[in-house]
Protein chains: 2
Amino acid sequence: MVEVTRRREIEDAASVLFHARGYAATSVRDIADALSIRGPSLYAHVASKEDVLAAIVERVAERFERSADAAEAATAGLGANARLEALVRAHVRAVTIDPGAASVFVDEWRHLSEPRRSRILQRRDAYEARFRDVIVQGRSDGSFVLVDPGIAAAFLLTAVNGITDWYRVDGFLSPDQLADAYADLALRSLTEATP
Amino acid sequence: MVEVTRRREIEDAASVLFHARGYAATSVRDIADALSIRGPSLYAHVASKEDVLAAIVERVAERFERSADAAEAATAGLGANARLEALVRAHVRAVTIDPGAASVFVDEWRHLSEPRRSRILQRRDAYEARFRDVIVQGRSDGSFVLVDPGIAAAFLLTAVNGITDWYRVDGFLSPDQLADAYADLALRSLTEATP
DNA sequence: CCTACCGATCGGTAGG
DNA sequence: CCTACCGATCGGTAGG
């Protein structure tokens, strides 16, 4: 018995459409059509189109944060290699669970109005800081090369976020296989190669 | 004497706005405002809003292709390391020259209607294939690890395209410094690390 | 969840 | 490059 609230069904349908066409190019009637109801009926469940966007963005933000929390807790006290691997794996898994919603978080937050926009930007910065911090740790203890932590974090985060551009949930590549491959690529990118 | 056509000024103003807000959220009047003229006056120079998008996307596609052509010509016959480094550097430079226009090519092509949309997708695929091919070469000659070329190419291309999300032309990071850092990260990500 | 409807804004045209 | 204007569509409300 899969019991989901109507509100959540609206957000899921909106995620698919926002991912495929973008927030601005998706009308309230498009979302309603996907649920086989009329546009104005949506407003029995949501206050505005932007509220739907905000709900998706904030839910995904929480998923990323909790996922990273767990990864950091599981690798507390370990070396930078283990910690970065856990962070990347957690992120890849969070993205592959629902690439549509993840892409809304990654790409569509800028359509939020203030103060929601600023708050979500702050959370994105804090999330990115987790990656920077691990890179700083790895630089200090000799695990990683002496790359600028900001550049390296941006490189890795845009790479993992880009998964939403091409990953197919019903494809032949499982979330775990992708997490394996991306964790390897990420770790090697910061590790001195054999001459 | 900087002589630019009005048509090109329209495309440049549109690039900035499409980059900042997205194509769908940018109105014809927004573009006109940026040039201090009225909306309808634009139509003396362009046939439609989508024509402006198509012109930007196609110009950037040509820049990327010519830049990659030069990189490949300069490294013909060399090993996969040298070839991939040249490709990444060429791409980073093409992006940093005009991140606004580059981001329109990367993110806004989906708003093109057929047949332009399909044609640009084909060109993107062909461009991505250059990266896959070098990775395949590096796998065969032992330069690179045995990662799936499709995954590795997607990883690298989304990382370099992500530069449009955060790079500031007037910042403290020069295109060459960024190309250095990204080429290193890219090469190491495919190269076996010391144990 | 529906029909009927609203003011605002959209891309674009006519005609100078 | 302008003003005046067009039909279509937008997000959203009223009132069942």
Side-chain angles (χ1 to χ4, degrees), chain A residues 2-58 104 107-117 120, chain B residues 2-58 104 107-117 120:
Chain A
V2 187
E3 176 62 16
V4 187
T5 64
R6 198 59 163 152
R7 167 75 193 218
R8 178 57 186 263
E9 289 180 328
I10 292 169
E11 291 172 17
D12 288 344
S15 288
V16 171
L17 291 165
F18 293 167
H19 179 39
R21 313 178 190 173
Y23 174 77
T26 301
S27 73
V28 167
R29 284 157 180 84
D30 291 335
I31 301 169
D33 279 352
L35 299 164
S36 301
I37 60 177
R38 306 290 173 173
S41 303
L42 279 179
Y43 289 88
H45 306 281
V46 306
S48 68
K49 183 188 172 190
E50 194 192 315
D51 262 12
V52 177
L53 173 63
I56 298 166
V57 166
E58 273 152 27
V104 174
D107 294 325
E108 308 296 333
W109 58 269
R110 58 186 170 158
H111 293 110
L112 292 170
S113 57
E114 295 298 345
R116 285 199 273 223
R117 184 189 156 109
I120 207 70
Chain B
V2 187
E3 176 62 17
V4 186
T5 64
R6 197 59 165 152
R7 167 76 194 217
R8 178 56 187 264
E9 289 179 326
I10 292 169
E11 291 173 18
D12 287 345
S15 289
V16 172
L17 291 165
F18 293 167
H19 179 39
R21 312 177 190 175
Y23 175 77
T26 302
S27 75
V28 169
R29 286 160 179 82
D30 290 336
I31 301 168
D33 279 351
L35 300 164
S36 301
I37 60 176
R38 306 289 174 174
S41 303
L42 279 179
Y43 289 88
H45 307 281
V46 306
S48 66
K49 184 188 170 188
E50 193 190 317
D51 262 12
V52 177
L53 173 62
I56 298 165
V57 166
E58 273 151 27
V104 174
D107 295 326
E108 308 296 332
W109 58 268
R110 58 186 172 159
H111 293 110
L112 293 170
S113 56
E114 297 297 346
R116 284 199 274 221
R117 184 189 155 108
I120 206 73

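The chains referred to below are lettered A, B, ... by the order of the sequence lines, with proteins before strands, and numbering in each begins at 1.
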Original post:
Quick one: does B/Asp30's side chain have a donor or acceptor within less than 3.5 Å of a partner on B/Ser27's backbone?
Top reply: yes
Subject >> Integer-rounded Å distance: D/dC1 C1' and B/Leu35 CG >> reply: 12 Å
Subject >> Atom CZ of A/Arg110 with >12 non-hydrogen neighbours under 6.0 angstrom >> reply: yes
Subject >> Comparing A/Pro40 and A/Ala25 on DNA chain D - which has the more 5′ nearest nucleotide >> reply: A/Ala25
**OP:** Can you establish whether the number of heavy atoms outside B/Arg7 located under 6.0 Å from its atom CZ is more than 12?
**Re:** yes
Original post:
Do B/Arg8 and B/Asp12 meet the salt-bridge criterion of a basic N to acidic O distance under 4.0 Å?
Top reply: yes
**OP:** Any strand is fair game: report the nucleotide pairing with C/dG16 by Watson-Crick or G-U wobble, both distances under 3.5 Å, or none.
**Re:** D/dC1
**OP:** With the side chain of A/Ile37 defined as its heavy atoms from C-beta on, choose the nearest nucleotide among D/dC1, C/dC2, C/dG12.
**Re:** C/dC2
Original post:
Is B/Arg38 near enough to D/dT3 that one of its side-chain N or O atoms lies under 4.0 angstrom from OP1 or OP2?
Top reply: yes
**OP:** Starting at atom CG of A/Leu42, determine the distance to atom P of D/dG12, rounded to an integer number of angstrom.
**Re:** 10 Å
Original post:
Given atom OH of B/Tyr43 and atom C1' of D/dC6, what is their separation to the nearest angstrom?
Top reply: 13 Å
Subject >> B/Asp30 CG to C/dG12 P, straight-line distance once rounded to whole Å >> reply: 14 Å
Subject >> Between P of D/dT9 and CG of A/Asp33, the distance in whole Å >> reply: 13 Å
**OP:** Please check if the side chain of A/His111 supplies one atom and the backbone of B/Arg21 the other of a donor-acceptor pair under 3.5 Å.
**Re:** yes
Subject >> Contact summary for A/Thr26 and A/Gly22, nearest pair of heavy atoms >> reply: OG1-O, 2.8 Å
Original post:
Nearest-Å distance, CZ (B/Phe18) to P (C/dG11)?
Top reply: 9 Å
Subject >> Contact under 4.0 Å: B/Arg6 side-chain N or O vs D/dC1 OP1/OP2 >> reply: yes
Subject >> Residues touching DNA chain D, which here means a heavy atom under 4.0 Å, drawn from residues 45-56 of chain A >> reply: A/Ser48, A/Lys49
Original post:
Is it true that a side-chain atom of A/Tyr23 and a backbone atom of A/Glu50 form a donor plus acceptor pair closer than 3.5 Å?
Top reply: yes
Subject >> Distance, rounded to the nearest Å, where A/Arg29 contributes CZ and C/dC6 contributes P >> reply: 14 Å
